[in-house]
Amino acid sequence: MKKIRYTDRNPEPLLPPHQRSKTFREYALGFSVSLALDEAQRCLFCRDAHQRCIKACPIGVDIPGFIRKITEGDLIGAYRVITLSNPFPSVCGRVCPQEKQCEGACILYYDTVKGRRNKGLPVSIGALEKFVGDFVRISGVEVSEERANPTGKRVAVVGAGPAGLACAYQLAKLGHHVDVYEALPTAGGVMAYGIPAARLPREVLSWEMGKLEKLGVRFFFGYVIGRTLSLRELLSSYHAVFLGVGAGRGSLGIKGDHLKGVYSAIEVLMRVGLMGAHMFPQVPTPVKLGRKTVVVGGGFTAVDCAITALRLGVETHVVYRRTRETSSARDEEWDHIQEEGAVIHWLTQPVEILGDEEGKVIGIKCVKMTLGEPDETGRPRPVPVPDSEHVIECDSVILAIGQKANPVAYEDMKELALTQWGTVKVDDQFRTNIPGLFAGGDVVNGGDTVVRALAHGRKAALSIHQYLMEEVTP
Ligand code: FAD
Ligand code: SF4
């Protein structure tokens, strides 16, 4: 009988903090072949894995299936198993919050069927998925993609984020003609303009994107749907349209947010991630954060702003009104930025940004919070501690709070049903109330994860396929 290796999980090697805080190079160095083989052997290949890790993966990767292929030394086979459901293993292996998804349900760590904590550490599913994707990318081996015969049906995808890309990928494989319209000059959505290269190198992203071009998907960059072309025009020239425009509109909304030195998170991340602000003066687009910055927020976006500010050489503080346990960012990333020198102020609510007589940021006034009764999401509601007001002095503030749906693509289509939060309403087949118009990703759920957006895009593509084959005449 196989000996259960509860605790000897192989950690993914990292660049040391003093080195990684100076570079936008990837700091998680990935498994070597021997580490990957050893880690794969920890998997128990549970017979009821469909109730555990597979169910906990939003896109349903056959986790024991691909891990078994690794143990057999068949890495191309492992890649084929993963890509049956997930088109971008190298991305998901890097950015998914696995501890809250597949790894959180690995029986070594937690028995999801009996609902109780076990004594071990989960298999490093994310690092293994990254290893398999990277192996195929770096080896240069061409893994052929099967594509059905052309159907003659044409689909427009609006937005080249993970939702739109997964939808385009799946539809192209099913033989449909797919055109993707993207406002920015590059594909990837948040993966390209939000997540720093230190977590997701751009060569990895480009390689994953290349798969779509090989399948014949056409990209139209610089097309702002709702401005350059309307959604109505797309609906009249294509058999179906998928809306995957995300929820990329930053929100400010704190007293003093007009001051010089206040940035929205997306502006900072875009300037660095897309425009190379960190290479100033070689590129003319600096981000002026001064000597000390305060990042407001506690999700992925806040952590990415901290990663970026640290690499720009700025003393970095993060204020978040809740606790680490309730944050949507990855646990290990909080550890990483703390190791790199960021100061995290948990249970701290900013109330006002303070400026000098020239209108420049000089500090941020905050109050301490404590956790009270659960709110409508079930998370304990933070409540202010009396007399806890204090000021953190700083030269700039980055607001990484409250991403909202960006309605530019559909604001002139008044008949499109929206939710009370301004997100697009869909049924369980990702159909909107407009015939032929489907939607998925953050524009539907208001902000979630890359893999959830990929899963939406994939499921929507299957639903579009059914619609095209059953309801649309050529
Ligand atoms: P997006 O990724 O937002 O893509 C939408 C695309 O549509 C964009 O390219 C946009 O330019 C385009 N678009 C918008 N309007 C128009 C228009 N009118 N016409 C044409 N194109 C348009 N999730 C994780 O799982 N792990 C992480 O580590 C992680 N880190 C994150 C870091 C940041 C900074 C942010 C903001 C989010 C992060 N997330 C992370 C969440 C995750 O990135 C999103 O849930 C996911 O990208 C949503 O995918 P999407 O395709 O719905 O939208
Ligand atoms: Fe392997 Fe853990 Fe999934 Fe079981 S739950 S199949 S041990 S990864």
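For ligands, and for the atoms within them, numbers begin at 1 and follow the listed sequence. Note that the coordinates shown come from a computational prediction; the quantities given were computed from them, not determined experimentally. Each residue takes its place number in the sequence, starting with 1.
Residue Y223 qualifies as open at atom OH: its count of foreign heavy atoms under 6.0 Å is 12 or below.
Residue-ligand proximity: G226 is placed with every non-hydrogen atom at 4.0 Å or more from ligand 1. Residue-ligand proximity: R94 is placed with every non-hydrogen atom at 4.0 Å or more from ligand 1.
When only interatomic distances are considered, the shortest N/O to N/O separation between A247 and ligand 1 does not fall below 3.5 Å. Not one N or O of N406 is nearer than 3.5 Å to an N or O of ligand 1, by distance alone.
With hydrogens and angles disregarded, no donor-acceptor distance shorter than 3.5 Å links the side chain of E340 to the backbone of L310. A donor-acceptor contact shorter than 3.5 Å is absent between the side chain of E182 and the backbone of G159.
Of all atoms in ligand 1, listed by their number and element, those nearer than 4.0 Å to a heavy atom of A163 are 51 (O), 52 (O). When each atom of ligand 1 is checked for a heavy atom of L184 under 4.0 Å away, the hits are 11 (O). Atoms of ligand 1 lying under 4.0 Å from any heavy atom of G244, numbered from 1 in the order shown and given with element: 5 (C), 6 (C), 7 (O).
The shortest distance between side-chain heavy atoms of F88 and P162 does not fall below 4.5 Å. The side-chain heavy atoms of I434 and E415, taken from C-beta on, include a pair separated by under 4.5 Å.
Contacts between A453 and ligand 1 below 4.0 angstrom, taking non-hydrogen atoms only, involve the side chain exclusively. Contacts with ligand 1 closer than 4.0 Å are made by no heavy atom of L165, backbone or side chain.
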